[in-house]
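All residue numbers refer to positions in the sequence shown, counting from 1.
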Amino acid sequence: MARKLQPVVKWQGLAPDADPTTPGVLTLCTRVIPNERGIIAAPWSASYLTGQVAGLPAAAVAARYVSPSGASPILMAATEQRLFYRNGAWTEVTRAGGYPAASTLTCWTLETFGNVVLAANGIAAGNGVSTTRLQASAGGTAQFADVAGSPRASIVVACSRFVMLLNVNDAAGGFGAGDAWWCSARDDHTNWTLAAGGSTRGRLVDSAGCIGAAIEFNNSVYAFKLNSIYRGDFVPGSTEVWTWTKLPHDVGCQWPHAVTKDSSRIYFHDQGEVYAFDGVNIVPLMAGKIKRWLISEFPGWFDIDVRVQLAYDKFRNGLWVLTRFGCLFFHIPSGQWGMIDRGQLYEAITAQIIGETTRYSSITAIRSPDHRAVSLGGGADPGAPNATFTTGDIGDPREMIETIELRPVLVSSVGTVSANISARDLLEAPSDPTMGPFFMTPDGKIELSVNARWLRATIQSTGAFESIGYATDLSAQGAP
């Protein structure tokens, strides 16, 4: 037949590593993320800056939504030497006397324990010994203060009614190593006196390296080193209190904010890959889709020390992945990726910070260079920059395409939709100069002549949209 009527093709998300002729793949996108039905224009955080208060006084190094004793969530943030919570404006709750500057990058971790918000900052000061004990604030809105007698450590986690400190750097207290852990007495974050069945400590020495990240999951503590993972379990009635098992995996995590969770899995970043981990099995999420492309586009992506942040978005059922290169989104049910403004909102690793709550999603980032909190949890703004996405190669290696009608299947749309087209005869050949823009007609099609075997369409929307896929009607060259 001269005219080839193609079925509707469902979108497959951003997958530049995949076969480019795979129907529905996106080879590039900006402000486009997947959802249950297809793809949508991603939220654009600048739309939430109108009327905002001033940003933090310095770059943020940590932030988290906390809900002490079930109270309404509040956003907390840390700069290198100061702690804040946000209630319209940022309010400082730094301990009296402040915190010393660090000789290396400071990384705070934040946790809740009943009605108390805890903060740990064990990165060494100039003499190589941390001077900051565990910090505590009533409700997160009171001034922080040292927890007397507590160790100095980099990471704090609450689990099974204990407070667990990891990567203990407490030379002043006579104990400490990058692989060390120390738990409080049960139900008492202020009691760090060693006692049988109570506060206790130990080291994870079955593999080399420091503990870089930790998270509570299903009443266990998971501690990550560079190439290993440990599970810690509370053992009631045991004098050891906690038993630790080194798991049979050769991956790990080196940044406290590069790990998050939903109700069934842990998600973490390790050396250029994001993994899903259910406590037994580990599955890579980027391989075969965007990993090779990221390494090619951003040579530093594979570095061990890349500071990547993850946050789980319950409302969208996905992961936000913030990097120094830009912001990615992974939709968990479909296994598909999308991307927001590449390198525009998050220009440096300190431009991170995301929060999550288990009650609802309020995903927030702190933007560089103005250190303002911006929301990733709202709807798309019709006044935002265009959402754009580029298809894979549409065509047939056996014959030339003369005309094409491209029909994006839109569930909703605000603004105008147009497309630019690039064409080529061989997949290995460079594309011809881009043609367009071609605008969608009232009956929902974009029609053009191409005279090539393969074409790609870069579709742009000036406002919010949702699309489940596309259909193409092709005419072979010389056909009646």
Side-chain angles (χ1 to χ4, degrees), residues 61-64 76-84 93-113 116-138 140 142-159 162-186 188-195 198-205 209-216 221 223-225 230 232 241-242 244 253-257 259:
V61 297
R64 180 171 175 174
M76 304 205 68
T79 65
E80 182 180 285
Q81 295 177 264
R82 300 163 75 180
L83 295 169
F84 300 84
V93 285
T94 302
R95 76 174 178 187
Y99 303 104
S103 59
T104 57
L105 179 64
T106 297
C107 181
W108 289 88
T109 56
L110 299 162
E111 181 62 281
T112 56
F113 191 69
V116 176
V117 177
L118 302 172
N121 175 10
I123 300 300
N127 62 357
V129 177
S130 174
T131 59
T132 304
R133 294 187 183 274
L134 179 66
Q135 299 295 291
S137 165
Q143 187 177 34
F144 278 87
D146 290 358
V147 176
S150 66
R152 300 154 178 88
S154 298
I155 302 167
V156 56
V157 174
C159 179
F162 291 91
V163 173
M164 176 78 70
L165 294 175
L166 303 101
N167 194 333
V168 178
N169 182 16
D170 197 25
F175 175 81
D179 57 26
W181 58 272
W182 193 325
C183 76
S184 69
R186 202 171 199 195
D188 189 354
H189 70 282
T190 68
N191 185 346
W192 297 88
T193 302
L194 298 175
S199 177
T200 189
R201 64 192 186 187
R203 296 177 62 189
L204 306 181
V205 294
C210 299
I211 300 169
I215 194 168
E216 182 279 332
V221 176
F224 296 79
K225 292 188 177 184
Y230 293 77
V241 187
W242 289 84
W244 290 89
C253 183
Q254 281 294 286
W255 188 240
H257 305 302
V259 59

Using every non-hydrogen atom in the two residues, find where [X] and [Y] come nearest and quote the distance to one decimal.
| X | Y | value |
| --- | --- | --- |
| Gly198 | Val241 | O-CG2, 3.5 Å |
| Ala223 | Trp244 | CB-CZ3, 4.0 Å |
| Phe224 | Ile215 | CE1-CG2, 4.3 Å |
| Pro151 | Val168 | CB-CG1, 4.1 Å |
| Asn121 | Glu80 | ND2-O, 4.2 Å |
| Val93 | Met76 | CG2-CE, 4.2 Å |

Trp108 ring center within less than 6.0 Å of Tyr99 ring center: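 Ring centres of Trp108 and Tyr99 closer than 6.0 Å.
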Derivation of the side chain to side chain contact (heavy atoms under 4.5 Å, CB included) call for Ile155 and Trp181: CA-CA 9 Å; Ile155 302 167; Trp181 58 272; over 6 Å; no
Is there a side-chain contact between Glu216 and Val157, using heavy atoms and a 4.5 Å cut-off?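 Heavy-atom side-chain distance check passes, below 4.5 Å.
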Atom [atom1] of [X] and atom [atom2] of [Y]: how far apart are they, to the nearest 0.5 Å?
| X | Y | atom1 | atom2 | result |
| --- | --- | --- | --- | --- |
| Phe113 | Phe162 | CZ | CZ | 8.5 Å |
| Leu194 | Thr200 | CG | OG1 | 6.5 Å |
| Asn191 | Cys183 | CG | SG | 10.0 Å |
| Leu165 | Trp192 | CG | CH2 | 3.5 Å |
| Thr109 | His257 | OG1 | NE2 | 7.0 Å |
| Lys225 | Asp179 | NZ | CG | 4.5 Å |

Whether [X] side chain and [Y] backbone form a donor-acceptor pair below 3.5 Å:
| X | Y | value |
| --- | --- | --- |
| Glu111 | Ala158 | yes |
| Asp146 | Ala148 | no |
| Asn167 | Ile211 | yes |
| Arg82 | Thr94 | no |
| Ser137 | Ala142 | yes |

Side chain to side chain donor-acceptor pair (under 3.5 Å) between Ser199 and Trp182: does it pass, once the steps are laid out? CA-CA 7 Å; Ser199 177; Trp182 193 325; 3.2 Å; yes
